[in-house]
Structures are given as structure tokens and as C-alpha cells.
Amino acid sequence: MTTKKEAQKRARELREEIALHDHRYYVLDDPIISDAEFDELERELLAIEEQYPDLVTPDSPTQRVGGPPRQELGTVRHTTPMRSLDSLQDEADVRRFYDRCLRELGRDRVPLVGEPKYDGLSVELVYEEGELRVASTRGDGTVGEDVTENVKTIREVPLRLRADSGHAPRRVIARGEVYIPISDFAAFNRRREEAAEKTFANPRNMAAGSLRQLDPKITAERPLRIFFWELVAGSSARPETQWECLQAMQRMGLRTNDKATRLPDLDAAIDWFARIGAQRDRLEYEIDGCVFKVDSLADQAELGIKSSSPRWAVAWKFPPRQRTTRIVAIEAQVGRTGALTPVAQLEPIQLGGVTVANVSLHNQDEIDRKDIRVGDWVLVERAGDVIPHVVQVIVDRRTGREKRYRLPHHCPVCGGEAVKPPGEAITRCVNTSCPAQVKERIRHFGSRGAMDIDGLGDKLVDQLVERGLVRDVAALYDLTVERLIELERLAEKSAQNLIDAIAASRRGVSLGRLLHALGIPGVGRAVAAELAGHFGSLEALEEATEEVLLEMPGIGPTLATSIHAWFADRHNRELLRRLRARGVAPEAAPAAATAGGPLAGKTFVVTGALESMSREEAEEAIRARGGRATGSVSKTTDYLVAGASPGASKMKAAEKHGTEVIDERALLALLGSR
DNA sequence: TAGCCTCGAGTTCA
DNA sequence: CTCGAGGCTA
């Protein structure tokens, strides 16, 4: 435990730091740390002040909710303070909250209302005689900024309330959250980027920046939306529960959220939180958790409030998905095709439940576009796509000691020349026998969509190549158990399994898979299958001229040249000879006689996890019946097959194009129809 | 020639 | 999942 003196010093530091970030966030609309980190600072300060109440100073940020309002916009005093909510991390916290409610109310059950916690900007709207009079931001909780003119530009906000029972209510004070839908945010940023204008880091920042414009014309062009979540005390004809308040607002024309629900007890609340979390990536708006409120307004009044937050409501936060961290170094990785990919090493951070220490920067153009430098503080995101990426550099946190990065002109692995062809984004090591490339080629050869050799892991491939046991994929077929068990971390049993898996791949692998496995530039799963169906055998393809290749659908000049050149290359011919000598003989591909199948002419996209088969199996089954299975939803897609936790972008694309979304049962029915 | 559509390639962590 | 780029089509 720290001494009181240390605590006092730390509290002073925290207050200064929080004041700085408040200013950035509230006054400048340009925060330099993530919300989660800001929350952490506040939590630490609160903890100190709870332990030593006499250390609380009048100017402590815990004694107010936000920052001072900007001078240019008028100010509005809230009738009752707009408080923030205590934020909870885990189930135990929520349990404590609920138990406290039970204890204080002396009951064995307290019904709650659950609502998603929208990641936007809180506002208060005052209606008198049914007409919108004033709209204000939260500001410091007591006094907010007058954003009436800006809020009026939001189409969703009624300028006059719908009369519920003949006449307009005398006075209505409603609070809600202004936000920007994720897809609108992405589209807006894309346009800004094309125009070389500054982009927004996230929808919340964009909503804040849009609502606090001095010129309402600018606000009007921003896709702002709103959800209402509170009917404030003092409103006429206010019902007796939060749930009824939501319904009353909806009837008045104040949009509420359709996910909001009544929860009879704690178990229901915990259950509902998990369900909302599972839907998070498919929502059209950002949420960072769920809010739980005691449903009865009388109970709320009895529970009362603490200094800055109510005792009858809490926010249970999801693990953060956006955080800031520092780039420690950037190094170049070499891929199968020789592509040099810059990867940033980060000071590790917790993001969406996992530790992230590396993030790909893709290529030099990307580094230049975002102006990413070694030593920079960056905002890192790990959204629905799972794979983290750098959103933007926090330019204001630069010290001047950051270093620009350029990909090397020589391969970091073999020292060979690395070339970036003019007009292309990728820099490549041109040495085809570069050990990094050899390793990646072998990995690719054994991978699932290719020869599917179980047990050929990364570490093993490293050892095989480094010890000179394997220089090309044909050499895999010369391996013996005796050779393998000399390697580290490989006992006889697993060595035998690997040998068996390699042997099994000699036969029983389709021509398409083998072609894919060879790693011909530009030839992936789809093109390989197309070639296999058209030529029927490796020999026929080897003899194919560029002209013949060009006649195939989907093969243009670039691919025709690439394929022809690969088979003309002396080393590749030798490789094929060696493979054949070791008994590698793919199954002759059945002629593409699926044109008359039951699914002929239908295009499918499969997303999410299916129960009865893997995604790949589903796609093969579709193709076997004459259908097409592609990777992305477009207007030519007939069906989107959605399994468990489907991809958010695919669901959205389906909605956009009006694609029919079917579940696994419906797919099985279609597959079985014949 | 522009603007889809599709494919290939690379990617994180546990 | 996202990007870049090839191929196809209006």
C-alpha cells in the first residue's frame, strides 16, 4: 500500500492529466488518448479519493462531470444535472451493484431495464407546449452548450412532439445520445481521405465534431442520428417506470432503441449483456457496453445519487477495442512471393480481450499515407474483423524524436535485391531461393486449401529449411522418420504421423489443389480449379500456349503470361519432374459437368460457422451441384448463407443489395433438393 | 475508359 | 477482413 504522501502526489498528477485530456476531448474535440485509458485515469483518481476522502480538492475532476463549455456557443443550465454512470468491468461488479439495490430497497428482486450504451454524445432536449425549445450538450453536467440549431438539423428529431392524447404535453425534457452510423462514418471518411482532408478517428469523434459546429449548415450535412433514453423528472405526465418512459417517448416521436428490454432480475441482465455483446459487430452503431437501470422511478428516488453518479444505474463496459500505444520498431517480413511487409512492433496492449504486440502496416504507401513513424503513439483498433490495424497517428504526442521508416532496398533475410515496380504498392525480394520465400512456399504447399498436410507447422518448416533437409516441396517426399526425430520437439509418434500425412498427399489430392499448392503467381484456389477443369491434367496444362490460356474465361493477359512463364521456367519443370518421380499424381479433375446441377446459375456466399460442415465443405457442396460460391456479397449474389456469428460487413452488404439471407437449414434443403 | 466484380495475398492471437 | 489489381462489361 502506498503512503498518504505518495497518494497525494499521484492524485495531483492525475488531476493535471485528466484536466488536459478533458480539454482535448470537450473543448477541442481532438482527444489524444482512448476512452478506456481516460477511464482508467479517472478510476485511479477515484480510488485514491475514496481511500483518503480529505485529499479531495474542490477542483478535482471527480467533482464535476465534464469540461467547461466552449465560449462561442451559448450555454444552457440543465434542470437536473446530467450525471455520468459508474462503469463496471465484470460480472462481479454487476452483482455487487444488484445486491446493493436489493439491500437498500429491502427486496429479494428488483426489475431492471437494459439498454445498449451508445458511443456518442449525450444531449438534452426541452420541449414546451410540444415545441422543441432548447437542445444542449452535457458540458460539465450542470451547464451545457446550446446546440439547438444544430440538433434541429437532425431529421430524426421532431420539431414538434406527436400529441399522444389530443393535446401536447406542457413540458417534456428528454435526454438521448447523438451518434453517427458506422457505415456513414466510413463513407464520410473515405471521401475526406480522397479529398486529402483530415479524417475522424471514430464515429464518436465525428458526432461530437459535427454537433458542435458553429455553422448549422455543416451539421446538416453530417449523418447524425439519435436515440432517446431518459425522460427527465419535471416532464409532464411522466410514467412510473423507466420502461414506460421509453415507450412514452417513442409515442411522442422521440426515437428509442429497439434493443432496450425489461429484465426481471440479475440473471436475466447477465444473460442479456452476453447476447448484446454477440450482436455488437452487426449493429449499425457503436456501443461500448450496456446500461442497467432500476426500472421503478420510485425505487430510483429511494436509492438516490452519489456525488456525481446515480446509485440506481450503472454501465457495464465491453473490453475496449480501440487503444493507443507506441510503435517500438518496424521491421520487414518476407512472404511467399517475396513481398516485403512492414510490421510494427507495439508496446503490448489489451484489446478486445487479447494482447496485441504486432500490427501489419501493409506496405510503404500505407505508411506514407498515414505518416507512421517509429516511436509514434498510434490509435490501434481491433474491430469485428479481429485483425488489428493502425487507425491513425496521434500527431500531438510527437516529441520530434520519431523516425520515418522506409522499406529496405535489400531483403532482410537473404540480402538480395528488393524492388518496387513503378505503379505497384508492393516491394519484393527478387531472389526466388531466399530462405524466407522457400519456407513460405513449403508452408503454403502443405496448407489446408492446398495439399492439406497435417503436422507441417511453422516451427517444423523453419527447422527443415535451416538444416538443409528441404529446399523445395518435392524434398518433403524424401523425408524419413529417422531424419525427423533428430529435430527438436518431435518425437517418433508425431514424426510418423507427419510422414503418413505427406505420403497421403501423393494421391487423392485433386489437380486443382495441386495447382494451387504450386504457388504460381496469380493462381489461387479459384483459378486453379478453373484450370484443372479446363485442362484435365498437369501435362495438358504444361503444353498450353498463352493463346490457349487467354481463351479461358477469367484469364486475361497478365495471368496467361504468368502461368505460361511459370511452366516454361527450367527450375519449375525440374520441380514437376521431381514431384512425379516421387509419386505425386493428382486425381484427374472431373470435367466441369456441373452446369446442369440443381443450383446452376445461383451464386452463394457463406459466412459464419455452420454446424453440420465447415465453410469450405459447404462451398464445395454448392459447386458440386452447379452453383457458384464466392467470397464477397455483391448485387449478383443470390443467397447469403449465415451461420453462427456471421461477418458484419457481409450482412450489411446483403442488406444493401437486397440479397436473400438464408440459414443452414435452408441451405441443406437447397442442397438436398435432388 | 470507368466502374463493377472477383480473386489473390497477407495478416493476429491463443 | 482488407487491400490491390486483373478481368469483364457497359
Side-chain angles (χ1 to χ4, degrees), chain A residues 186 190 193 281 319 321 325 331-346 348-367 369-370 380-391 420-428 436-437 440-441 443-444 447 449-450 457-458 512 515-531 549-563 603-605 607-608 615 619 628-638 645-653 656-657 659:
Chain A
R190 223 177 296 126
E193 195 166 312
D281 290 332
R321 300 200 292 194
T325 185
E331 61 177 36
Q333 267 178 17
V334 185
R336 167 168 67 91
T337 61
L340 260 53
T341 305
V343 173
Q345 288 172 25
L346 309 173
I349 38 166
Q350 288 295 117
L351 207 60
V354 302
T355 309
V356 174
N358 296 293
V359 59
S360 169
L361 303 178
H362 304 294
N363 54 54
Q364 186 71 52
D365 290 352
E366 174 86 354
I367 293 177
R369 191 161 49 234
K370 292 186 175 160
V380 177
E381 178 179 57
R382 180 172 177 271
D385 55 354
V386 179
I387 295 178
H389 61 270
V390 170
V391 178
K420 177 175 168 172
E424 280 186 30
I426 306 294
T427 306
R428 283 178 206 283
Q437 287 186 49
E440 292 304 323
R441 278 206 295 271
R443 269 174 209 146
H444 173 73
S447 69
D458 288 4
L515 288 174
H516 178 207
L518 291 174
I520 303 163
V523 177
R525 233 178 37 186
V527 174
E530 195 73 24
L531 289 170
L549 287 164
L550 260 174
E551 282 166 22
M552 290 182 59
I555 309 256
T558 312
L559 270 177
T561 306
S562 167
I563 296 165
T603 301
F604 291 74
V605 174
T607 182
R615 209 151 48 212
E619 289 172 356
R628 280 164 43 77
T630 64
S632 57
V633 178
S634 67
K635 65 180 179 208
T636 61
T637 309
D638 294 293
S645 43
S649 62
K650 292 202 175 76
M651 297 297 280
K652 265 184 211 148
K656 187 174 138 203
H657 294 112
T659 309

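Throughout, a chain's letter reflects where its sequence line sits, starting with A, and its residues are numbered from 1.
Rounded to whole Å, the distance from CD1 on A:I387 to C1' on C:dC3 is 12 Å. The separation between A:D365 atom CG and B:dA9 atom P is 19 Å, rounded to whole Å. One interatomic measurement links the two molecules: CZ of A:R336 to C1' of B:dA9, which rounds to 7 Å at whole-angstrom precision. Computed from coordinates, the A:L340 CG to B:dA9 C1' distance equals 14 Å when rounded to whole Å. Computed from coordinates, the A:R443 CZ to B:dA9 P distance equals 17 Å when rounded to whole Å. In this structure, A:Q345 atom CD and B:dT12 atom P are separated by 11 Å, rounded to whole Å. For the pair A:N358 CG and B:dT11 P, the computed distance is 11 Å after rounding to whole Å. Straight-line distance from the CD1 atom of A:I563 to the P atom of C:dG6: 14 Å, rounded to whole Å.
The residue among A:G556 and A:E366 whose nearest nucleotide of DNA chain C lies closer to the 5′ end is A:E366. A residue-by-residue look at A:T355 and A:A339 shows that A:A339 has its nearest nucleotide of DNA chain B further toward the 5' end. Heavy-atom nearest nucleotides on DNA chain C were determined for A:A560 and for A:H362, and the one closer to the 5' end corresponds to A:H362.
Considering only side-chain atoms of A:P388, the nucleotide from B:dT11, B:dT12, B:dG8 that sits closest is B:dT12. Among B:dT11, B:dC13, C:dG4, the nucleotide with an atom closest to any side-chain atom of A:A425 is C:dG4.
Look at A:R525 and you won't find any side-chain N or O under 4.0 angstrom from OP1 or OP2 of B:dG8. Side-chain nitrogen and oxygen atoms of A:N363 include none within less than 4.0 Å of the OP1 or OP2 phosphate oxygen of C:dC3. The side chain of A:K635 places an N or O atom within less than 4.0 Å of a non-bridging phosphate oxygen (OP1 or OP2) of B:dC5. At B:dG8, none of the side-chain N or O atoms of A:T337 fall inside 4.0 Å of OP1 or OP2 (strictly under the cut-off). OP1 or OP2 of B:dC7 has not a single side-chain nitrogen or oxygen of A:T630 nearer than 4.0 Å. The shortest distance between the side-chain N/O atoms of A:T558 and the OP1/OP2 oxygens of C:dA5 is not below 4.0 Å. Taking only side-chain nitrogens and oxygens, A:T603 never comes nearer than 4.0 Å to OP1 or OP2 of B:dC5.
Within 6.0 Å of the CZ atom in A:R525, the count of heavy atoms belonging to other residues, nucleotides or ligands does not exceed 12.
Residue contacts shown for A:Q333 are limited to sugar-phosphate atoms, with no base heavy atom under 4.0 Å away. A:L559 comes within 4.0 angstrom of the backbone, heavy atoms only, and of no base.
Not a single side chain to side chain donor-acceptor pair (under 3.5 Å) links A:Q333 to another residue, sequence neighbours left out.
Checked by atom type, the side-chain pair A:Q437/A:T337 shows no donor-acceptor distance below 3.5 Å.
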Discussion item. Run A:L518 and A:V523 through side-chain contact (heavy atoms from CB on, under 4.5 Å) and show every step you take.
Written reply: CA-CA 9 Å; A:L518 291 174; A:V523 177; over 6 Å; no
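Residues A:R382 and A:I349 are not in side-chain contact: their nearest non-hydrogen atoms beyond the backbone lie 4.5 Å or more apart.
A:S562 contributes no side-chain N or O that, together with a main-chain N or O of A:T558, makes up a donor-acceptor pair within less than 3.5 Å.
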